[in-house]
Amino acid sequence: MADVTALTFLALCLPLAGALAAPFVIRIFGANGAWLLAIAPFLAFLHFLRFIPQIARGEVVTGGYSWVPSYHLSFSWFLDGLSLAFALLITGIGTLIVLYAGGYLKGHKDQGRFFSFIFLFMGAMLGVVVSDSFLMLFVFWELTSITSFLLIGFDHERAAARRAALQALVVTGGGGLCLLAGLLLLWNISGVTEMSRLIGAGDIVRESPFYLAALILVLGGAFTKSAQFPFHFWLPNAMEAPTPVSAYLHSATMVKAGVYLLMRLNPVMGATPAWEILLPFFGGLTLVVGTALAIRQTDLKLKLAYTTVSSLGLLVMLIGFGSDHAVEAAALYLVAHSLFKGALFMVAGIIDHEAGTRDITRLSGLMRAMPLTWIIALAAAFSMAGLPPFFGFLAKEEIYTALIGGDVRAVTFTSIAVFGNALMFAVAFAVALKPFLGRPVEMPKHPHEAPVLLWLGPAVLAVLGLLAAIFSTFTHTVLSSPIASAIRQTPVGIDISLAPHLGLPLALSALTVLLGIGVYWQLDRARFLMAVVLRSIGHGPDHGFDVAISGLVRFSSRLMRVLQPGRLEIYVTCTFLCVAAILIIPLVVYNELPRFPAWPADVRLYEWAVFLIAAFGLAAVLVARDRLTAIVSLGIQGFAVAIIFLLFGAPDLSFTQFMVETLSVVILALVMTRLRLSPDDQRPLGRKLFDGALALACGLGFMLLLMRATEAPFNDALTAFFNAYSKSIAHGANVVNVIIVDFRGTDTLGEIAVVAVTGLAILALIRIRAGSERKLAANDPAAEG
């Protein structure tokens, strides 16, 4: 077990190692360094592959390290059919993406930086799907947002890339905060902080009065990450990233994180009216919106991006539908979508790389120049369209089996699924046929077949989509059934195959094909109709995001002008107002005002003399006509206090007070001689009275607090501790010195640092003032006099 834990930890660290090594490997080997870098995710893939027999038997694998046991915080992971499938997709497709990126970005000046980002992204996503600890899950969840921000904005010199990166970060980062609140609520409800233990607490969670709040917060995190309506707009805009990022993002990583979370929490939060209403509604709406918007696009990547939105909506709809067949369909479609969408995105990148454009209206006749790419695109499109003999066909058949029924709800969602799948059929073949068939036309580049680094990845994924369907029994045993079993938390056996199975699902598949062919045949007209519809609707959520951000910036600017007007006197006044309120209000509200003791009768004459010196010093400060006199007079107060410390048996404290007061007076006097200030107080009478009242309030607050503190019973635990250990541990007989130098050494160092930084700031201000005066004198010689 220890070996498994150590190896799993090593596998999770492999992407990080790849991120560190990437810039050096690319600098030495160039684009061919991708072959070396691909070893890291491939080794991680092999490690997780070892768990397939164990997971297929229905077992789970857990491990990790305890971090803060008292708070149940740990670095732990949890592998079952669901998390293992995601781990294999992330590392397996990640290996192919690394190779693809080596060819796609060949010669790019920042290729090493790109590989570092993609490996960090891979590691973050891998952490999300294997995390058992809530803490690990949230940390890696937010890391996917940060690393996707870096990848989407990789071409940071373009404004569109910067906007898309910021938009993705804001939307998914905001959703991450919702998820954090949801996880804290689940912790509060169930008392556990691990997913493996939370799965068994479903009844407790569903019966809690906080269930709905927790569900909405969790859905906020999942819906933003997986681009559910109305948060779908960030995902197509993320196509500003290089194509390797798009292929990885849409097939196996970040956009599926929300789907993974919903699948994981299905045993905990599912089977409730709220779950079975919200998920199918938003999932179905996202399916329709995504496919409709995909039809309108002419950019190959945008067409595929919007179909990813619709596919994610279909998965969410199936998760929320609630039946056993719906879970099985979600498991099948999850795998099928990863294979065909990764392949199609890489094909779109090959076309752009070799022909110089992704605009479908400018592409034609590529079949002769790029026959291998066309075969790969056609195979992936068959799977996306749900045609045999590919794995997408099995998924689509299971979808219809899950949704059909005689009630209104079943009919509604079955109709939505048929509509969405028909439009995805049309889009799939628009990508696979339109650029390749027809007469060759003039393009920005002379097209030719891509090098092996580019076509290897999509070819492998397309072939896997075929083999997974042909050997469906094996696929279900090692992958599909364990996924469904993990989602349902009961053993599930999926048995759908390519064997003929007549019935309503097959009839719906035939209807889907006919509708898809019709839309493909009239694709230009469908695109025009969608453009008309969208113009009639007006601005969408994407424009709403810009309006919201613009409004936030304007509000922040106005608020800053109020809170930070640039006047020091306002800042100081607000600070002392808060100090006075914090000191006095709690004492009054909670009736904790101290009792004023009687004046002691045994005050000696020399003690009276010290008090009188302090009073004379205070009077001198108040009547001083210039600031320098006031500063020097203020030192009288500190010296009087130091004498009081000395008289009452604290010579060390008295010495410290003498030093502090002397340095304060000297430093302030030196500063004041370097600054040009008005010789006397220019404040109006009203301002003087307000400032005086505020000063009295702060002084009164400190006095009352100290008097109340001295009324409490004295706890001599610290006194006994320092007396007992100052000599034996710190080897010092002077307890006060030992406390300051040893026990509070770091605190003392911090105080020294504060004084040093303050001195540097004062010196900088003086130099700025002196520099300004020299410039003024240089520009206006008369000003010098």
Are Arg197 and Phe78 in a cation-pi setup, meaning NZ or CZ lies under 6.0 angstrom from the ring centre and within 45 degrees of the ring axis?
no

Does any N or O in the side chain of Tyr260 come within less than 3.5 Å of the main-chain N or O of Val129, such that one atom is a donor and the other an acceptor?
yes

For the side chain of Thr172 and the backbone of Lys225, is there at least one donor-acceptor N/O pair under 3.5 Å apart?
no

Check the angle between the aromatic planes of Phe51 and His47 and answer parallel, tilted or perpendicular using the 30° and 60° thresholds.
perpendicular

Hey, does the side chain of Trp374 reach the backbone of Ala432 with a donor-acceptor pair shorter than 3.5 angstrom?
yes

For Lys256, which of Ser338, Ser251, Ser226 qualifies under side chain to side chain donor-acceptor pair (under 3.5 Å)?
Ser338

Going by atom types only, do Lys341 and Thr308 share a side-chain donor-acceptor pair under 3.5 Å?
yes

Aromatic ring pairing Phe429/Phe382, orientation class (parallel under 30°, perpendicular over 60°, tilted between)
perpendicular

Looking at Pro236, is its backbone amide N or carbonyl O close enough to the side chain of Tyr306 to form a donor-acceptor pair, meaning the two atoms are under 3.5 Å apart?
no

Heavy atoms, side chains only, cut-off 4.5 Å: are Tyr248 and Leu151 in contact?
no

Do the side chain of Glu142 and the main chain of Val139 share a donor and acceptor less than 3.5 angstrom apart?
no

Under 4.5 Å between any side-chain heavy atoms of Leu16 and Leu120, yes or no?
yes

Sole residue of Val519, Thr291, Leu387, Leu515 in side chain to side chain contact (heavy atoms under 4.5 Å, CB included) with Phe425:
Leu387

Should Val288 and Phe229 count as side-chain neighbours, where that means a heavy-atom distance under 4.5 Å?
no

Quiz question: by atom type and distance under 3.5 Å, do the side chains of Ser497 and Ser472 form a donor-acceptor pair?
no

What is the ring orientation for Phe321 with Phe413, classed by angle as parallel under 30°, tilted 30 to 60°, or perpendicular over 60°?
perpendicular

Whether the Ser311 and Tyr333 side chains hold a donor-acceptor pair (N or O, under 3.5 Å, no angle test) is what I'd like checked.
yes

Note, Met136 side chain near Thr193 side chain (heavy atom, < 4.5 Å)
no

Val418 and its side chain to side chain contact (heavy atoms under 4.5 Å, CB included) partner, picked from Ile399, Leu508, Leu403:
Leu508

Taking the side chain as C-beta and beyond, is there a heavy-atom pair between Ile496 and Leu332 under 4.5 Å?
yes

Would you indicate whether the side-chain heavy atoms of Leu261 and Trp141 approach each other to under 4.5 Å?
yes

Does any part of the side chain of Ser485, heavy atoms only, come nearer than 4.5 Å to the side chain of Val492, both counted from C-beta?
yes

Between Arg264 and Asp80, is there a side-chain heavy-atom distance shorter than 4.5 Å?
yes

Using a 3.5 Å distance criterion without hydrogens, assess whether the side chain of Ser208 forms a donor-acceptor pair with backbone atoms of Ile204.
no

Between Phe9 and Phe75, ring centroids under 6.0 Å:
yes

